[in-house]
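One structure is given below, encoded as C-alpha cells.
None of these values were measured; they are calculated from a predicted model. Counting starts at 1 for both ligands and their atoms, following the listed order.
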Amino acid sequence: MPEIPDLEAIRHYLVPRLAGLTVTETEAPIPWLVRTGAADLETLHGHGFGEIHRLGKFLVFFVDDGRLLVVNPMLTGRFHWVEQKEKRASRTGVVLAFDDGHELRYSDQRRMGRFYLVAGDRLDEVPQIAKLGPDAMAIEEGEFLARIRRHPGQIKSTLMKQEFMAGIGNAYSDEILWETGLHPHRRRSTMSEDDLRRLYRSMRDTITWASEIVDGTVQTEGLGRKEEWRQHLRVHRRAGEPCPRCGEAVKGQVRSGIESNYCVRCQPLFESSGAGKAQ
Ligand SMILES: [Zn+2]
C-alpha cells in the first residue's frame with residue numbers, strides 16, 4: 001500500500017508534467033473505481049490540473065474549475081505517466097488523455113482504489129476524509145503527544161490508525177518503530193513521555209529520509225513500474241535478513257493478516273528496567 005514517501009514522490013513527479021495540459025479524452029475501463037460515477041470523468045474534458053495535495057493516503061488533484069479529483073490507491077493502485085501509443089498495463093482502470101500526447105493511467109491489481117470528483121468545498125463528502133486525523137508530516141509534537149494519550153494499546157496499530165494520524169501504514173510503522181527501538185506490540189500505556197518524544201522524532205526523520213530516496217528513484221525510473229518503493233527499508237519485508245544495526249535476524253510475525261517485521265534485540269518487548277509485564 002502506498003504510504004507518504006510513495007505518494008509524495010508521485011505528486012512531485014506529476015505536478016510539473018501536468019502543468020499547462022488539457023484533458024482531451026477520458027476512459028474508465030473499470031467504471032466502479034470512480035465512486036462518484038464514471039460519467040463524471042467526461043466532465044474533465046477541456047480542463048486541466050493545478051496543484052496536487054496529499055492528505056494521508058489520498059492524493060487530491062485540483063481541477064482548474066475549482067473541483068477536486070480525489071484518489072485513494074488503497075492496496076495496489078499504481079499511476080502511469082506514458083505516451084498514448086504505449087501498451088496498457090493489466091487492470092488499467094482509469095485513463096486521462098492530455099493534449100500533448102501523454103496519458104495519466106491508473107491500474108490496480110486488486111481493483112480496490114477509489115476516485116471521487118467533488119466540488120472544492122465538499123472534500124468532507126469523500127468517505128474517510130472527514131474522519132482523518134492530522135497528517136503525520138503536519139502534526140506538531142505537542143499535538144502528537146496529546147492525541148496519543150487517548151490510545152493506550154499496541155503502538156504499531158495506533159500508528160497505522162488513520163483517525164489518530166494519517167499517512168502511516170504497515171511498512172513505515174515497522175521502519176519508524178525499528179528506528180525508535182520500540183517493539184510493535186509494546187503498549188503505549190507502558191511508554192514514557194521520553195519514549196513518545198523519541199517516537200515522534202523518529203517518525204519525522206524516517207519519513208523525511210525515505211521521501212528523498214523514493215523521490216530520487218521515481219524521478220529516474222518514472223511512474224508505472226511499481227505502486228510503492230521499498231528497496232531502502234531496513235526491516236519491513238526483510239524477515240530472516242540481518243538487522244542492519246545489530247546483525248540479529250529480522251523477525252516476521254503475522255497478526256490479523258498483517259506481518260510486522262522487527263528486531264528482537266533492538267526492539268525488546270519489555271522495558272530494560274523490568275517494569276513491563278509478560279503477556
Ligand atoms: Zn537489531
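Applying the side chain to side chain contact (heavy atoms under 4.5 Å, CB included) rule to Ala119 yields the partners Asp121, Arg122; only residues at least two apart in sequence or on another chain are considered.
In this structure, the side chains of Leu223 and Leu14 come closer than 4.5 Å at one or more pairs of heavy atoms.
Counting only protein atoms, the N, O or S atoms lying less than 2.8 Å from the Zn ion (ligand 1) are Cys243 SG, Cys246 SG, Cys263 SG, Cys266 SG, ordered by chain and residue number.
Other residues, nucleotides and ligands contribute at most 12 non-hydrogen atoms within 6.0 Å of the CD atom of Glu140.
No cation-pi contact links Arg114 to Tyr116, judged by a cut-off of 6.0 Å to the six-membered ring centre and 45° from its axis. Within the cation-pi definition used here (under 6.0 Å to the ring centroid, within 45° of the axis), Arg111 does not qualify as a partner of Trp32.
Taking the six-membered ring for Trp and the full ring otherwise, Tyr13 and Phe79 have centroids separated by 6.0 Å or more.
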